[in-house]
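What follows is one structure encoded as structure tokens, with my remarks underneath.
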Amino acid sequence: MSVIIASPAGGIALKTSRRRLLAGIFLCLAGLGIGIWTLASGDYPLTFYEILDVVRGGGDETARMVVMEWRLPRFLAALVAGAMLGLAGALFQSVFRNPLASPDVMGFDAGAHFGAVVAMLVFGGGFFLVAGGALSGGAVAALAVYLFVARGLSGFRLIVVGIGIGQLFFAASQWLLLQAGEEAAVAVASWGLGSLNDMDKSRLAYLGISAVLLVPPGLLLARSLRQLELGDAIARGTGLDPGRTRLSAILVGLALSALVTALVGPIGFIALVAPQIARRLTADGDVALVHAALAGSILLGASDLLAQKIPSGMPLPVGVVTLVLGGLWFFWLLLRSGRVGTS
Amino acid sequence: MNYRLQLDRVSAAYEGVSVLKDISLVLPDGVFTAIMGANGSGKSTLLKLLGGAVAPVAGKILLDGKPVSALRPRHLARDIAMLPQFPLAPDGIRVAELVMRGRFPHQTMFRQWSAADRTAVDAAMAQAGVADLAHRLVSTLSGGQRQRVWIALVLAQDTPILLLDEPTSFLDIAYQVELMALLSELSERGRTIVAVLHDINQASRHASHLVMLAGGQVIAAGRPDEVVRAETMRAVFRLESVIVPDPVTFTPMVVPSELRRNR
Ligand SMILES: Nc1ncnc2c1ncn2[C@@H]1O[C@H](COP(=O)(O)OP(=O)(O)O)[C@@H](O)[C@H]1O
Ligand SMILES: [Mg+2]
């Protein structure tokens, strides 16, 4: 059932479907539920009405502090970082026409991680240095993978190459960390697992700015990617420049995932699974970038909630939770279909 | 004879291996041109050159006197539609949605749907005989049905020039005849059709301009009665044949008599 959303004069006319709208609403409601749960639960439990009071500008001082200073920034960070990862994954999966092609699986995140570690240990850190390091590291990893694409590698074998490149970068990061002093290594190591535990407002602001700069251009690629998925010949024949679309999507996707890596640490699984969930929900053969971003938000929000709920000696980094979930998802995929190896 | 599309001393090569050499050819407006030749003779390459998908190593492909390589892809796509030999359909897509994607060059970022799109898609599906399949999943269609969906996609693009690479492959004989009739009807209504075809008898029945490729060159080009001759068949396919009039249309018909091996 298609739905046309149009301005009265006809200057704007967008096509969607009832199923897409419903899936979007469902994802938003799920996010809202996880949000309320995240804000309410913890060492200082709050009721729904207490949260509502705080959000409206009232509430007692402790409640205000707990919500506005601790829980809300952390939850917002999960939403924003999750959306960025979900979108990044959707861009890569569409460009490579492969549901396994996400920046975490393909080694781009490991490259970004390595670049960020170098920036922290060698140059001393700071947002712009770390972000620059992560972007360069991600780009180097992507270039390495691209050299194989240019030689005709594709499908499952390309994924294996990506995983290998990721492992090389991972090993290099570990080696650097071992060379560094103990103090530096410990500081980097907790970030190195991807954590929202010490999310503060300044990092949240950087995350927000990154998202504002990168998410809209990413979402606007939907129309071109939809066409590119018909193969280069049809895409070009209907007026698309396939090379330019591919390059734009890869650059935006790299920047999205590298900046999340720089600000939160490497977080696996979200970029891989969110787009797959989105496509399963929309199920119309079209790209689902908005849905992938929403699904990413929810997955990271839920994973962080889980990280806070699992009893452990020290605060659990959300990256550990997503790694475990990612492993389980892989098992499920492999058990469910033989298609993984041939796509 | 008017023409918008033309090759001017064009050569093409893949990684240094020459495929087409110094070809000059005019594709007349409103005419159904059939490109023929042996496997690997460069028919698809010729079509890709015309569609701007492959760049020539020498010479020019001109649309209205301007090199196609200089045109913006979007503008080119409003003049020339191209059905490639092996298009890809995304998983989970339905027929009407796939055909709608032929409307891409007529849409913009913020106007991704119009009543004209709807009309063009409906007309294209009707012409290609897939209106009944509109809500079917493309992945559940037979090869021939799928081929007709792709034809509907390029028809929906609504261009004056249509390039089709082996559009009859996968079609049963009735749909082949139907498609050929559709193509000649479209050309009678003013569209320029350039199609790679294998069946010479079909081509000489329905197309009015035949182009024979061999050895990287145009061996013969012209009306069917000029091109479909025993000498041409020998030169292009190494095939001995007798040419007789088609009992229905009286166009030349090839009856193979003896195949020379070692080609
Ligand atoms: N992308 C390519 N890379 C290298 N060689 C190619 C490519 N495409 C076609 N060729 C070669 O060019 C020649 C002509 O191919 P093509 O135009 O597809 O022939 P046809 O369509 O007549 O069968 C063949 O020898 C083929 O192997
Ligand atoms: Mg061919």
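Sequence lines set the chain letters: A, B, ... in the order given, protein chains first and strands last, and positions in each chain run from 1.
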Using a 4.5 Å cut-off on heavy atoms from C-beta on, say whether the side chain of [Y] contacts that of [X].
| X | Y | value |
| --- | --- | --- |
| A/Arg97 | B/Leu88 | yes |
| B/Met109 | A/Leu220 | yes |
| A/Leu240 | B/Pro73 | no |
| B/Gln157 | A/Thr238 | yes |

Tell me, for [X] versus chain B, whether the close heavy atoms (under 4.5 Å) come from the side chain, the backbone, both or neither.
| X | answer |
| --- | --- |
| A/Arg226 | both |
| A/Asp232 | neither |
| A/Ile12 | both |

When you look at A/Leu230 and B/Leu98, which way does the side-chain contact (heavy atoms from CB on, under 4.5 Å) test go after all the steps? CA-CA 9 Å; A/Leu230 303 178; B/Leu98 188 55; 3.4 Å; yes
Spacing of CZ belonging to B/Arg94 relative to CG belonging to A/Asp286, to within rounding of 0.5 Å: 13.0 Å
Under the side-chain contact (heavy atoms from CB on, under 4.5 Å) rule, what do A/Asp241 and B/Arg72 come out as? Steps first, then yes or no, please. CA-CA 9 Å; A/Asp241 182 340; B/Arg72 305 237 332 255; over 6 Å; no
Any donor-acceptor pair under 3.5 Å linking the side chain of A/Arg236 with the backbone of B/Gly52? no
Please classify the contact between [X] and chain A as side chain, backbone, both or neither, with a heavy-atom cut-off of under 4.5 Å.
| X | value |
| --- | --- |
| B/Thr108 | backbone |
| B/Gln107 | both |
| B/Ile80 | backbone |
| B/Leu153 | side chain |

Looking only at non-hydrogen atoms, find the nearest pair between A/Gly285 and B/Pro90 and report the distance. O-CB, 3.5 Å
If I compare all heavy atoms of A/Ala13 with all of B/Trp113, which pair ends up nearest, and what's the gap? CB-O, 3.3 Å
Looking only at heavy atoms and a cut-off of under 4.5 Å, which of B/Arg101, B/Arg103, B/Met82, B/Arg111 has the most pairs with chain A? B/Arg101
Would you verify whether the NZ or CZ of A/Arg223 falls within 45 degrees of the ring axis of B/Phe110 while also being under 6.0 Å from that six-membered ring's centre? no
Over 12 non-hydrogen atoms of neighbours within 6.0 angstrom of [atom1] in [X]:
| X | atom1 | result |
| --- | --- | --- |
| A/Phe26 | CZ | no |
| B/Lys60 | NZ | no |
| A/Arg157 | CZ | no |

If you measure from the Lys or Arg side-chain nitrogens to the Asp or Glu carboxylate oxygens, is any gap between B/Glu97 and A/Lys15 under 4.0 Å? yes
Of all of A/Ser7, A/Ser2, A/Gly237, A/Ala6, which one pairs up most often with chain B through heavy atoms under 4.5 Å apart? A/Gly237
